[in-house]
Structures are given as C-alpha cells and as structure tokens.
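Here's the structure, in structure tokens; my notes come after.
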Protein chains: 8
Amino acid sequence: MNKTFKYNKLSKDDAVLLLVDHQAGLISLVQDFSPNEFKNNVLALTACGKYFKLPTILTTSFEEGPNGPLVPEIKAMFPDAPYVARPGNINAWDNEDFVNAVKKTGRKQLIIAGVVTEVCVAFPALSAIEEGYEVFVVTDASGTFNEVTRDAAWMRMQAAGVQLMSWFGVACELHRDWRNDIEGLGTLFSNHLPNYRNLMTSYFAITKK
Amino acid sequence: MNKTFKYNKLSKDDAVLLLVDHQAGLISLVQDFSPNEFKNNVLALTACGKYFKLPTILTTSFEEGPNGPLVPEIKAMFPDAPYVARPGNINAWDNEDFVNAVKKTGRKQLIIAGVVTEVCVAFPALSAIEEGYEVFVVTDASGTFNEVTRDAAWMRMQAAGVQLMSWFGVACELHRDWRNDIEGLGTLFSNHLPNYRNLMTSYFAITKK
Amino acid sequence: MNKTFKYNKLSKDDAVLLLVDHQAGLISLVQDFSPNEFKNNVLALTACGKYFKLPTILTTSFEEGPNGPLVPEIKAMFPDAPYVARPGNINAWDNEDFVNAVKKTGRKQLIIAGVVTEVCVAFPALSAIEEGYEVFVVTDASGTFNEVTRDAAWMRMQAAGVQLMSWFGVACELHRDWRNDIEGLGTLFSNHLPNYRNLMTSYFAITKK
Amino acid sequence: MNKTFKYNKLSKDDAVLLLVDHQAGLISLVQDFSPNEFKNNVLALTACGKYFKLPTILTTSFEEGPNGPLVPEIKAMFPDAPYVARPGNINAWDNEDFVNAVKKTGRKQLIIAGVVTEVCVAFPALSAIEEGYEVFVVTDASGTFNEVTRDAAWMRMQAAGVQLMSWFGVACELHRDWRNDIEGLGTLFSNHLPNYRNLMTSYFAITKK
Amino acid sequence: MNKTFKYNKLSKDDAVLLLVDHQAGLISLVQDFSPNEFKNNVLALTACGKYFKLPTILTTSFEEGPNGPLVPEIKAMFPDAPYVARPGNINAWDNEDFVNAVKKTGRKQLIIAGVVTEVCVAFPALSAIEEGYEVFVVTDASGTFNEVTRDAAWMRMQAAGVQLMSWFGVACELHRDWRNDIEGLGTLFSNHLPNYRNLMTSYFAITKK
Amino acid sequence: MNKTFKYNKLSKDDAVLLLVDHQAGLISLVQDFSPNEFKNNVLALTACGKYFKLPTILTTSFEEGPNGPLVPEIKAMFPDAPYVARPGNINAWDNEDFVNAVKKTGRKQLIIAGVVTEVCVAFPALSAIEEGYEVFVVTDASGTFNEVTRDAAWMRMQAAGVQLMSWFGVACELHRDWRNDIEGLGTLFSNHLPNYRNLMTSYFAITKK
Amino acid sequence: MNKTFKYNKLSKDDAVLLLVDHQAGLISLVQDFSPNEFKNNVLALTACGKYFKLPTILTTSFEEGPNGPLVPEIKAMFPDAPYVARPGNINAWDNEDFVNAVKKTGRKQLIIAGVVTEVCVAFPALSAIEEGYEVFVVTDASGTFNEVTRDAAWMRMQAAGVQLMSWFGVACELHRDWRNDIEGLGTLFSNHLPNYRNLMTSYFAITKK
Amino acid sequence: MNKTFKYNKLSKDDAVLLLVDHQAGLISLVQDFSPNEFKNNVLALTACGKYFKLPTILTTSFEEGPNGPLVPEIKAMFPDAPYVARPGNINAWDNEDFVNAVKKTGRKQLIIAGVVTEVCVAFPALSAIEEGYEVFVVTDASGTFNEVTRDAAWMRMQAAGVQLMSWFGVACELHRDWRNDIEGLGTLFSNHLPNYRNLMTSYFAITKK
C-alpha cells in the first residue's frame with residue numbers, strides 16, 4: 001500500500017492530448033475492440049480534447065505507406081495542432097519534434113491514446129514517466145491485436161506508474177463540476193454514450209411536454 | 001435437407017421495413033449488444049431503408065410512459081412513414097393499423113427489427129409467417145436482455161421459417177450489384193463499417209495523390 | 001421454410017405451467033446461469049403463473065434425499081397446486097399422476113421449466129410433443145451443468161418441435177395487450193427486470209412531481 | 001413444427017455404445033473442452049456403458065502411429081468388446097468389421113462419441129442415420145479443435161436427424177426410473193458430478209449421524 | 001513484495017459506508033454486470049451496512065435530471081443517513097458537505113460503491129487515500145460501461161493503495177466471527193446468495209424433520 | 001427427424017472448390033476469427049483443393065478498389081483456375097461467367113468459402129441450393145464481422161439445406177481412407193494443425209532413433 | 001520495478017500446506033471453475049502435499065451446519081493432520097489452535113488454498129503476510145462465486161505481497177529437479193493432467209514395444 | 001506510483017533471447033492460445049531473434065521422454081546456439097550450463113519465452129531478476145494450461161519486476177526506428193501479422209500499378 005499517494009488530478013490547465021498513430025491502415029490491426037466501439041471511443045476522446053481546449057499533438061508513422069493516413073475526422077478536428085509525421089521513430093518520444101511540441105506546451109500531464117497499445121502508446125508513456133511527466137493512458141481509445149497483448153501492456157505500464165483511464169474518466173476528471181457547463185458536457189456524453197442519450201431523450205420528452 | 005428450397009431474394013420492389021419499438025427507454029434493456037454497437041446497427045439499417053427507398057413503418061408501444069419515445073434519429077429519417085403508436089398491443093401484428101399499413105404497401109417481404117427480440121420482433125415475425133409473408137429478421141438491429149434469450153428467440157424463429165439476417169446482409173441482398181450505384185452503397189458502408197471506411201481512406205489517399 | 005406454419009400463441013385459457021424439480025439440492029448443479037440470475041428467472045416465471053392464473057403443476061424427484069426439497073418460495077406461491085413427488089420416474093411424463101394432473105386441466109399448451117434442462121425439462125417436453133401437446137420450454141428458468149449440455153438440449157428439443165421461450169416472452173405472449181392490465185404487468189416487470197424498474201422509477205419521479 | 005414427432009427413447013435393450021478414436025494422441029487435439037472436463041465426460045460415458053451393460057464397440061485409427069493408442073482406461077473397461085483397429089478408413093462406418101459388429105448386436109439405437117467431432121463422430125453418425133438407425137451423439141464426450149468446428153458439426157448433424165445428447169442425458173434416458181437401482185445410478189453420478197457427490201456427502205453426513 | 005504490510009481489517013467500529021450515485025438513470029449505463037446481478041450485489045451491500053449498523057452516507061448527482069433519483073430501496077433503508085445531493089461536483093470528495101459527513105463519523109475506513117466505477121467510485125477513493133483514509137472499494141456493487149473500463153479503473157485504484165473487495169468479503173471481514181450472531185449473518189447470506197440459501201433449505205429440511 | 005436422409009458424401013470426383021472474395025482489403029473486416037487463425041484455415045482449405053485436385057474457381061469483387069486484390073498466396077496456388085473478377089455482382093451466382101465455370105466442371109458438389117460469410121458465402125450457397133446443387137460451406141475458412149452475424153448466417157444456411165463444414169471435415173470426407181495416401185494427408189495436417197505436427201514430431205523422434 | 005527482489009523459492013523443508021474450508025456445502029458456491037476442474041485442482045494440490053510430505057493443516061467452518069463436512073477424500077488423505085474445526089472464526093488466522101498448529105511446524109512458507117477465495121483464503125493470507133510469513137496462494141485450488149470477486153481478491157492479495165500460484169507451479173517449485181524422483185512426479189502429473197498422461201501413454205506405447 | 005522509474009529499453013546490443021522448453025510434447029499442454037496462434041507467436045519471436053541477431057540460448061527438459069523434442073523449426077533457425085538439454089532441473093536457472101551460457105553473452109537484458117508460463121518461464125525469470133538482470137517475458141510466445149494459471153503467473157512476475165511484453169512489442173522496442181531497415185522489419189511483420197501483410201498487399205497493388 002502506498003502511504004504517500006498523491007492524487008494529481010487531470011487538469012484542463014496542465015494536460016496535453018497526444019494522439020499517436022490512429023491511422024487508417026493500422027486501425028485494421030485492432031481486434032481488442034469491435035471497430036464501432038473503437039471508433040466511438042477515439043472520437044469521444046478527441047471530442048474531449050476539443051471541448052476542454054487541450055493542446056493536442058498529432059503524430060503518425062509512415063502515412064504514405066501501408067499504415068495509411070491519419071483518420072480524416074481527427075485531422076479535421078485539430079487543423080492547427082502540431083502534426084508530427086515521424087520519419088521512422090517507432091517510439092514517438094524518440095522524435096525530437098514530438099518531444100519539443102510537448103515541451104512547448106509547458107504542461108506536465110500527458111493524456112495518451114494510440115494504435116497499437118503495447119508500442120505506440122506504451123513506449124512514449126514509459127519514456128515520459130521516466131522524464132517525470134504524469135501519464136494518463138486512455139485504454140479504450142487505444143487498440144491492439146488481442147486481449148493478451150493488451151493485458152500485458154497494461155500491466156507493464158501500471159508497474160511503471162502510468163494511470164490507466166477511460167475516455168469517460170478523462171472527461172469527468174477534467175470537468176470536475178457539472179456547473180462549469182452542463183450543456184457542453186451533456187452534449188459530449190449524449191454524442192458518445194447512446195444509453196446516456198436515451199436517458200436525456202426520455203427525460204426531455206416528459207419535461208418538455 | 002430441403003430438396004425444394006426456393007431462394008426468394010430480398011427485393012427493393014417487394015420489401016417493407018418494419019421498425020418495432022426502438023424507444024429510448026426500452027433500448028436501455030438491451031444487453032446482448034454494447035450500446036454503441038447496437039446504435040450503429042440500428043442506424044445502419046434505417047440508412048438502408050432510406051437508401052433503398054423501402055416503404056417503412058414505425059411503431060411504438062406506450063411512448064408516453066417509461067418505455068420512452070422513439071429514438072429521435074429514426075423519427076427524423078422517416079418523417080412521412082406510417083407511424084403506429086400502439087395503444088396496448090404487444091404484438092404489433094395484433095394492431096389493425098399496423099397490419100393495414102403493411103398490407104397497403106402490397107409487398108410480401110418483411111424486414112423486421114426491434115426491441116426486444118423475443119417479443120417485439122419474434123411475435124410479429126411469427127404472425128406474418130403464418131399469413132404467408134416472407135420474413136427477414138435483422139438480428140443485429142434487434143436487441144434483448146442477454147444472449148440466452150436471444151438464442152432461444154432465434155431458434156424459435158428459425159424453426160418457423162424466419163430468415164435470420166444482419167443489416168449488412170440486407171443491404172447486399174437488396175443492392176444485388178455494385179453497378180447499380182457504387183458511390184451510394186460505398187457511402188452507406190463507409191458510414192457504418194469503420195474498417196470499410198478505413199479501406200476507402202487508405203485507397204483514396206494513394207490513388208488521389 | 002415452413003410454408004404451412006401455424007402460430008399457436010400461448011393463451012391464458014389453454015396453458016398449464018409445469019415446474020419440474022426446482023429443488024434446493026439440484027439447483028446447486030446449475031452452472032449455465034449465475035445463481036442470482038437463475039433465481040430471478042425462476043421466480044419471474046412463477047410470478048407469471050400466478051399472475052395469469054395458470055393451472056400449475058409442481059413435481060419433484062426424491063425430495064427426501066440429496067436432491068433436497070422444492071424451493072420453499074415456489075411451494076408457498078402455489079399451495080393448492082397438484083404436487084407430484086415422483087417416487088422414482090426421471091421423466092415426469094412417465095408418472096401417471098403427473099400426466100393425469102396435466103390432462104385434468106384439459107389444456108393443450110404446456111409451459112415447462114426445470115432442472116436440469118436436458119433431462120427434467122427435455123424428457124417430458126419430448127413426451128408431450130409426441131402426444132400432440134404444444135410445448136413451450138422456458139429456457140431461462142431451466143438450468144443445467146454448462147453451456148454445452150444446454151445447447152445440445154435446445155437443439156434436440158428444437159428439432160422435435162418444442163418452442164424455445166424466455167419467461168419474458170411467455171409473459172408477453174400470454175398478456176397480449178397492455179390494456180388488459182397495465183399495472184399488473186408493470187408490477188411483474190418491475191419486480192423481475194431491474195432496468196425496467198429503473199425506467200419506471202425515473203418516469204414517475206418526474207411525472208409525479 | 002414436427003406434427004408427427006415420435007420420441008424413441010434410448011433403451012437399455014436397444015442401444016449400442018460406439019467409442020470412436022479416443023486415442024492418446026488425437027485427444028491432444030481437443031480444445032473445445034478443458035482436458036479435465038473432457039476426460040471426466042468420456043469416463044462418465046464409458047461408466048454408463050458399463051453400468052447399463054450396453055454392447056460396446058471400440059474402434060481406433062492408426063494406433064501404431066502418431067494418433068497414439070486408445071486411452072488405456074477405456075480399453076481396460078471393455079476387455080471383451082469388439083475392437084476394430086481400422087487400417088485406414090476415416091469414417092468407421094466404411095469399415096466392414098465395424099458395421100458388422102454393430103449389426104451383430106441387432107440393435108437400432110447408436111450412442112456415439114469420439115474424437116474429433118466433425119469427422120470421427122459426424123461421419124459414422126450420418127452414415128448410420130442414412131441406414132435407418134436412431135443416432136444419439138454424446139456431445140460432451142466428443143471433442144474437437146474449437147467451438148467453431150464443433151458448432152458447425154452439431155448443426156450438420158442436427159439437420160440430418162441426429163439426437164444431440166450429453167452423457168448425463170444418456171444415463172437418465174437409459175435408466176428411466178431411479179427405483180431400478182438407486183445406489184447404482186447414485187454412484188455413477190457421485191463419481192462424475194462433483195457437485196452431486198457433495199450433495200450426497202452433506203446429506204449422509206446429517207442423516208447418518 | 002511488501003515486507004512491512006499492515007493488515008488493517010475492516011472494523012464495525014471504524015468503517016463508514018459511502019453509496020455514490022446508485023441512481024435509476026445512471027444504473028442503466030451499467031453493462032459489466034447483468035441488471036439482476038448488480039441489483040442483488042448493491043442490495044446485499046446495503047443490507048451489510050444496515051446489519052452492521054455502519055454509519056452510511058448517501059450522495060447523488062443531479063437527481064432531478066436524466067440521471068434519475070436514487071434507487072428507492074436504498075433511500076428507504078437509510079432514512080436518517082446524511083444525504084448529499086451534489087449540485088454539480090463529479091467527485092463526491094469535492095463536495096464539502098460530503099467530506100464533512102465523512103469526517104463527522106470520526107472513522108477512517110471507507111467502504112465505497114457506486115456508479116460508474118472509474119468516476120463516481122475511483123475519484124473519491126483516490127481523494128480519500130490521499131488524505132490518509134483506508135479505502136475499500138466494493139467492486140461488485142460498483143458498475144460501469146464494460147469490462148475494459150472496469151479493469152482499467154481497478155488497476156488505477158490498486159496502484160494507489162485501494163483495497164478491492166466484494167460485498168461478501170466486506171460482510172465477512174466486518175463480522176469476524178459467526179458466534180457474534182449466527183442467525184443474523186445467515187439471514188443476510190440467505191437473502192443474497194441463492195446457493196447458500198439452498199444449502200440452508202436442504203439442511204433444515206433434514207434436521208428439522 | 002428426417003426419416004429419408006441421404007448422406008451424399010463429398011467426393012473428389014464430384015466436388016468443386018469455390019473461393020469467393022478472399023481479398024486483402026475485405027479480410028481486414030473479419031473479426032470472428034483472429035487473423036492468424038483465419039489465414040491458416042483459408043490456406044488449409046486451399047491446400048485441400050490442391051491436394052485433392054479439385055477444380056477450383058476463384059472470384060473477386062472490385063479488386064481494383066478498396067476491397068483489394070485476391071490474397072497472392074491463393075492466386076499463386078491456382079494459376080490456371082478460372083478467375084472471375086466480377087464487375088459488380090455481389091452474389092457470385094448472379095455472374096454468368098462464374099456459374100458457367102461451375103457448370104463446365106459438370107460437378108454437383110460445391111465447397112464454398114469466402115468473405116464475408118453472410119453475403120459472399122451465403123448468397124451463392126442459397127442460389128446453388130435452389131438450383132439443386134449440394135452445398136458444403138467451409139465455416140472456418142469464411143469470415144465476417146462478428147459472432148452475431150456469423151451465427152445468423154449459419155442458421156439461415158442450415159435452414160436452406162446447406163451442409164456446415166470445417167476445412168478438416170472437408171479434407172477427411174474427401175480422402176475417405178488414409179491408405180489412399182498416408183504421407184500426403186499427413187503432410188497436409190502437419191502443415192495446418194500445429195498440434196498434429198507435434199504428434200508426428202514426437203512420434204518420429206522416437207521411432208527413427 | 002523492484003530492484004531488491006528476493007526470490008524465496010518454495011522449499012519442501014520450509015513449506016506448510018493449509019487447506020481451508022473445502023467443505024461439501026461451500027464448494028457448491030464455487031462458480032469460477034467448473035466442478036470437475038475444481039475437484040481435480042484441489043485433489044492435485046492435496047496430492048502434492050502428500051507427495052512432498054508437507055506438514056498439512058486442515059480447517060473447517062461449521063461442519064455440522066449447511067456448510068457441510070470437509071470433502072471426505074481430503075480427510076482420508078491426511079488422517080493425522082491437525083484438524084481445526086473452527087467454532088466461528090471466519091478468518092482461520094483468528095483461531096488460536098490454527099495459528100499454533102502453523103507455528104508448531106516451525107516453517108515460514110505457507111501454501112494456502114480454500115473456499116471462498118476472497119474470505120477463507122485471502123483473510124489468513126493477509127494475516128500471515130503481516131506476521132512475516134511468505135504466503136503462496138494456490139489460485140486454481142481456491143474457488144469463489146465468480147470471476148469478478150476472484151479478480152478483486154487476487155489484486156488485493158497481490159498488493160499485499162502474496163505470491164499467486166497454481167498447483168502445478170507449487171509442485172514444480174517444490175520438486176526443483178526431476179532427478180529427485182522422476183517416477184513420483186510423473187505419476188502425480190499423470191493423475192491430474194490428462195494431456196500429460198496422454199503424452200506418457202503415447203510415449204510408452206512406442207518405446208515399450 | 002513509481003517516481004523514480006527508469007525505462008531501460010530493450011537493446012539489440014544488450015539483449016539475449018532465452019527459449020525454454022518449446023518441445024513437441026509440452027506444447028500439447030498449452031490451452032491459453034489456440035495452436036495456430038501460439039505457433040505463429042513463437043515463430044515470430046524466433047524470427048525476431050534471428051533478425052536482430054540476438055544471442056539465443058535454447059534449453060529443453062527431458063527431450064528423450066514424453067516431453068518430446070524441441071520443435072524442429074526452432075532448432076533449425078539457431079543451429080549454432082548454445083543448446084542446454086537439462087538433465088532434470090525444472091528451473092533452467094538452476095542449471096549451471098544455462099546460466100553460464102547467459103553470462104558468457106555479457107548481456108543484462110533477458111527476453112524469455114517458454115512452456116509452461118508459470119514454471120519454465122516464471123522460475124528463471126524470477127531467478128534472473130533476483131540476480132539483477134532486466135527480464136522481459138514474451139507473454140504471447142509463452143503458453144500454459146488455461147487463463148487462470150496464466151493470469152496468476154503474470155501477476156507473480158509483475159510483482160517481482162518482470163516486464164510483460166508481446167513479440168511485437170519486443171520487435172519494435174529492439175528496432176527503435178524503421179529507418180534502420182524498413183524492408184527487414186516489414187518482412188518480419190508481413191510474415192507473422194496477416195492483417196499487416198494484407199495492408200502491404202493492398203498498398204503495393206495500387207502503387208506498383
């Protein structure tokens with residue numbers, strides 16, 4: 001038991017969103033989520049980035065080749081984000097431009113998601129931990145070949161001090177209080193949690209009568 | 001083995017789409033699909049209805065009460081469709097307005113999806129089979145409490161002569177030939193099959209260079 | 001495809017409920033449902049029997065021995081039901097008293113549930129089919145050792161013409177129309193479908209304000 | 001629905017037990033059951049054969065080679081059973097000695113189990129159905145590569161009229177009535193159903209005090 | 001390995017029960033348990049709170065809106081418990097009234113359950129750990145969207161020093177010794193563990209004869 | 001039960017192998033098998049085609065577009081096989097060249113595998129059944145989006161009289177007798193069943209010493 | 001990462017085997033293993049205790065009541081082992097006789113298995129860790145209600161420094177070297193690992209020819 | 001959280017590959033992977049060893065007996081590797097020759113895979129950690145009896161500081177940068193990741209036109 005645990009909550013003012021290799025080809029390798037589930041999770045996370053105005057950094061690996069281009073929806077959401085098309089580094093943290101883009105934000109909390117989990121996510125996560133960053137991996141917006149490689153990657157990251165999150169947890173930890181903007185958060189949930197949308201639909205059907 | 005099997009393919013000119021009780025409250029009962037998966041399947045099926053210009057009939061059960069209103073997206077897609085808010089009949093086929101709406105189409109192939117599978121789908125399916133209709137149940141756009149009740153419902157329907165389909169199978173059997181409209185079908189797939197969209201993204205990224 | 005399918009709907013006036021060997025000992029053999037799930041399903045089915053005033057017949061096998069007594073809740077719900085403690089027949093249909101109790105009802109639709117599925121349920125189901133009864137097995141109120149033996153039992157029964165149902169399907173097919181008694185059916189659902197109860201709770205919380 | 005269903009119950013006087021290729025090497029191919037589960041099921045079925053004094057026929061394929069010898073426990077249980085070491089026929093029914101051994105019993109109900117399900121079990125099952133035998137496949141004493149090939153094999157056999165059983169169902173359908181021999185059947189269950197044994201242990205612990 | 005592990009057992013005299021956001025709407029989001037399983041677990045935990053006379057604190061988030069009211073059974077069980085309807089704080093620990101209610105008990109062991117696990121449970125759990133409380137999360141009375149988000153939440157909490165418990169473990173660790181009250185604990189188990197109830201039924205059926 | 005079942009065994013002299021749309025792009029849609037499992041199954045089936053010298057017909061849909069080219073290994077194995085690049089027909093049976101290629105073989109047993117199961121496999125399977133062919137679908141060399149759409153497709157095909165097979169079942173039913181060529185079949189199994197290869201390795205390690 | 005990890009291997013000379021509450025009634029609560037799997041694992045572990053001549057301590061909770069007697073096979077294997085029928089302590093470590101029996105052995109490595117995992121196993125495991133023992137929990141010879149409660153229990157124990165083992169791992173770590181007794185260990189594996197027995201059967205079939 | 005985490009990346013210049021007991025007999029015990037999946041993973045890992053020119057050490061246990069010979073493909077790939085046929089030590093680290101072979105490489109990073117995970121992998125992994133090596137276990141090239149024993153073994157190793165990896169993670173962490181050799185790594189992936197091969201096939205089909 002960790003007697004001296006410090007709960008560094010994700011903060012809108014100290015977090016960066018790093019989206020690593022969500023490329024059209026690579027995503028076809030993902031089998032630990034159904035394609036619909038994964039798409040929704042990734043778009044939900046990007047919607048969080050947008051909504052909380054997080055500095056966001058995009059990076060890809062060999063977009064020109066079989067890995068395919070970054071999913072267009074992501075590119076479209078962050079037209080002005082630093083975009084590091086890595087010429088070859090597998091670990092994004094080995095790329096100076098990428099690290100500089102992170103450093104330039106001056107922030108210390110890294111929210112990371114990507115494809116595939118044990119490489120494109122775990123490698124920069126471990127590198128960043130080593131350099132003293134707080135690292136939050138968004139497990140459900142990161143995909144890989146199967147549950148076995150996923151579980152191993154999670155345990156390796158957990159042991160190193162990475163915080164394992166879901167996009168919903170990220171959203172809630174960043175938002176802190178519904179009163180900061182009820183409608184905004186409600187819309188985000190409504191767009192990416194069908195059952196929450198249904199709750200809202202039913203609720204407003206009655207109350208707006 | 002059925003020596004005299006007749007393959008009555010779904011036809012754009014003979015099929016009706018019946019959407020039964022996809023209501024905001026009832027959908028929260030569905031647990032044999034994840035909410036995202038189910039939402040995508042239902043919207044894919046409705047997109048098929050739209051795309052193939054199938055006569056479509058909407059029906060609900062007690063929209064005013066806990067079952068909640070029809071999912072708004074569906075209502076919006078078919079503003080002019082016959083809409084039968086059943087006053088109490090559990091089996092939609094017990095409702096005269098509903099059956100009349102079906103009969104008025106003059107069509108003999110019924111594509112049915114709904115919530116929950118063993119009741120709102122299976123009951124009208126069995127009724128319609130009995131009256132000589134060809135019935136195609138869209139299994140992945142129909143949801144229920146768990147896999148056990150789903151499997152039992154499927155086997156009951158199979159034994160009665162219901163054709164068990166997926167929305168993708170429905171789309172393909174209706175379309176017959178890509179040459180009828182490559183772009184239209186491609187768009188439909190792209191919108192509801194993330195991995196197919198990725199294939200297209202990668203393909204056009206190269207060829208449009 | 002069965003061109004001559006006849007949909008004999010379950011009818012309150014023609015159905016009997018047969019509860020076979022839901023004994024305290026035997027239920028500990030059930031592993032294809034969690035204990036809570038199974039208990040809820042069985043009690044939901046018995047509540048249907050009660051609610052629809054179905055003639056109900058209870059039977060057990062060797063209550064005095066390791067199989068244990070009939071679950072007390074069931075006994076308490078049907079104090080006046082024929083109760084056939086079979087002296088040894090494994091197939092309840094081999095017991096004259098049991099068959100006579102069925103015949104005495106004058107009904108032709110048998111709703112059967114029990115433990116274990118491939119024996120205590122399947123055997124009388126097949127016997128009754130052979131004698132011309134319509135048989136509806138309540139799959140989720142019947143339990144067995146594991147999914148393998150369950151699936152095999154279902155396929156054997158399906159091939160013989162048994163209708164595979166869930167307790168919810170039975171309730172809905174018997175009720176036909178909510179207008180017959182909204183509150184009664186609502187209560188039944190509320191007691192055995194937690195998510196339906198939640199829908200009602202939320203609904204009345206708003207409307208009763 | 002099959003209006004003319006005839007329930008030919010397994011009978012001690014008309015059934016033969018056919019054990020096909022339960023060989024030490026082939027069993028290592030089985031992955032749709034855990035090794036312990038499979039071993040217990042097979043030994044339970046052989047115990048049934050023994051207990052009900054069923055004529056039993058053993059057959060193997062290439063015992064001398066990689067397929068390995070018949071599991072010794074089985075050989076030991078049926079030292080006098082016809083033993084057909086097939087010189088090459090994959091379908092045991094293609095082997096004249098095997099078919100003759102079956103015919104010599106004069107019985108018409110075949111209880112079949114073996115490895116692997118879709119070949120060593122399904123092939124003779126289909127052959128025997130064609131020749132008018134009643135065929136009962138013991139699904140849980142038959143193993144194969146995975147659930148996919150199992151499910152396909154079951155559906156093929158179901159469509160041909162094979163009865164899909166478990167060893168427990170076989171035991172109960174053969175025994176008919178506990179009064180025929182309470183202790184014998186109890187012992188068989190106690191040896192192969194640990195939870196049933198526990199029921200007996202608890203019961204006798206109290207009653208024998 | 002933790003050489004200096006201190007086993008701080010849950011104590012009736014030092015534990016508080018915190019029930020966070022078990023609201024009718026939010027519970028419909030839970031899919032990592034079946035509805036029946038979850039309901040039983042939650043009610044079992046509340047029964048523990050009641051039985052062990054634990055100070056209990058209830059809190060909800062936006063009861064008036066789509067999240068829905070606290071499940072009525074819980075409210076009814078703890079009519080006099082502090083009830084903090086949070087005006088917007090997502091993390092209950094960010095709410096001063098809630099923290100004060102905890103502090104007022106003077107206790108240092110927090111038993112937490114809620115919906116959804118990675119937010120409503122994990123956030124206050126981490127906050128409390130940081131402030132030096134011993135935190136025991138009741139995993140099976142806490143629900144979330146799916147197994148992926150659950151597993152991630154568990155690993156995040158484990159790393160921070162949270163003790164992961166089940167309601168049964170909580171009950172047993174609080175009770176310590178059956179002799180403190182055999183009947184009371186037996187009743188609690190009988191009401192929420194159907195197979196335990198069956199054991200008791202069988203046992204008393206024999207001994208009370 | 002089918003009293004007049006005729007077991008038409010697959011015959012080397014009457015079977016054709018139809019490989020439908022195993023294209024590099026489409027295969028990335030398959031999620032009911034792991035990629036390795038699927039690849040091995042498909043290559044095992046093609047190896048059967050080769051080994052048994054079955055007339056084989058290849059067909060693809062839009063190879064030039066996102067669906068991608070036929071997997072090169074398949075093309076390489078059957079350089080002289082009729083190759084029908086369908087200009088748009090979704091159901092290969094709607095393509096005259098394809099049907100003619102089938103008819104030209106003069107054979108009546110069709111072994112079909114493809115991607116995706118409910119469309120590229122099921123459609124021609126149903127069409128061929130209707131025209132009186134015997135159809136054997138190789139379930140484990142056919143892939144689709146998930147288990148739900150697979151199961152539905154299987155049940156639809158089963159009801160129409162399709163025989164559901166595995167590649168291993170196909171190989172064994174075609175070979176009939178090991179004596180026809182022990183080494184050939186052994187090699188085929190060794191190449192595609194790792195555990196069978198292990199049996200052989202162990203066996204020959206001892207015997208060849 | 002633990003830089004100062006010390007690998008204290010299980011030693012025949014320093015290990016005690018503690019079997020906690022493997023009682024006929026309680027075992028019927030176990031659902032995270034199939035009954036056959038669990039029985040085999042427990043008997044394999046007890047066979048290890050016997051084979052390695054480990055001091056073994058048996059303990060039960062309320063044998064006279066619904067929990068039922070200790071499984072007779074276990075009692076029979078260790079007729080002279082200290083046997084602590086706890087009068088009420090849920091945590092065996094709260095029982096002085098039990099702790100004294102442990103202390104009397106003078107050993108510091110505790111191998112613990114029992115029913116149910118999160119209570120009868122985890123509680124004494126945590127108590128013993130606190131007192132400085134090395135604790136090895138045999139996960140597959142310990143059972144509980146379901147995978148959720150199991151996983152939580154494992155994570156709680158892992159965090160406290162418990163070593164999570166399987167019976168096979170225990171056997172191998174104790175044995176160290178096959179040369180200590182090839183036949184003995186081989187027999188133990190042959191009796192409890194059916195696939196290992198098959199390897200031996202095949203091997204000796206060839207070599208003993 | 002580990003504030004002082006040091007990310008020691010796998011390095012081509014400091015890593016050794018240890019392949020432990022991938023023997024033809026032992027592999028038939030593996031059931032936590034399908035045989036095809038496991039074979040592919042093991043061969044992918046060995047291909048990594050080859051490709052990155054890692055010093056590789058092979059070891060086996062009782063090759064002459066039922067455990068069977070080392071899989072021939074592995075032997076063939078590393079004809080000059082130190083090959084330690086252990087005369088009896090279960091933990092390879094207990095074998096002096098093995099440890100000497102490791103030491104002779106002068107390297108400090110051990111990549112270990114083997115059969116079975118909780119013994120042949122975990123034992124040397126823990127021994128090596130204790131001696132100050134960095135240990136990377138390749139989880140998907142290591143197999144065992146079932147998921148339960150696997151999970152327990154992983155948690156034991158994680159707690160000791162072992163890094164849990166997949167073969168793909170190993171390959172990527174060793175390669176660091178695609179520019180070191182695009183074709184080489186691409187070929188390795190193409191041979192062992194069918195979906196990656198498909199991406200390449202589709203890509204080159206277009207670009208090479």
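Lettering follows sequence order; numbering is per chain, from 1. We use all heavy atoms of the structure for the numbers below, so side chains are in, but hydrogens, waters and symmetry mates are not.
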[atom1]-[atom2] distance between [X] and [Y], expressed to the nearest 0.5 angstrom:
| X | Y | atom1 | atom2 | value |
| --- | --- | --- | --- | --- |
| F/Ile27 | H/Leu199 | CD1 | CG | 11.5 Å |
| H/Lys39 | F/His192 | NZ | NE2 | 8.0 Å |
| H/Asn40 | F/Glu37 | CG | CD | 10.0 Å |
| F/Asn198 | H/His22 | CG | NE2 | 11.0 Å |

Query raised in the report: Has H/Lys50 got more than 12 heavy atoms of other residues, nucleotides or ligands less than 6.0 Å from its NZ?
Result: yes
**Report entry** H/Asn195 side chain reached by F/Pro35 side chain, heavy atoms, under 4.5 Å
**Finding:** yes
Query raised in the report: H/Val71 versus chain F, heavy atoms under 4.5 Å apart: side chain, backbone, both or neither?
Result: side chain
Query raised in the report: What residue, out of H/Ser34, H/Pro72, H/Ala24, has the most heavy-atom pairs lying under 4.5 Å from chain F?
Result: H/Ala24
Report summary line: Answer key: most heavy-atom pairs under 4.5 Å with chain H among F/Gly68, F/Pro69, F/Ser28 is F/Pro69
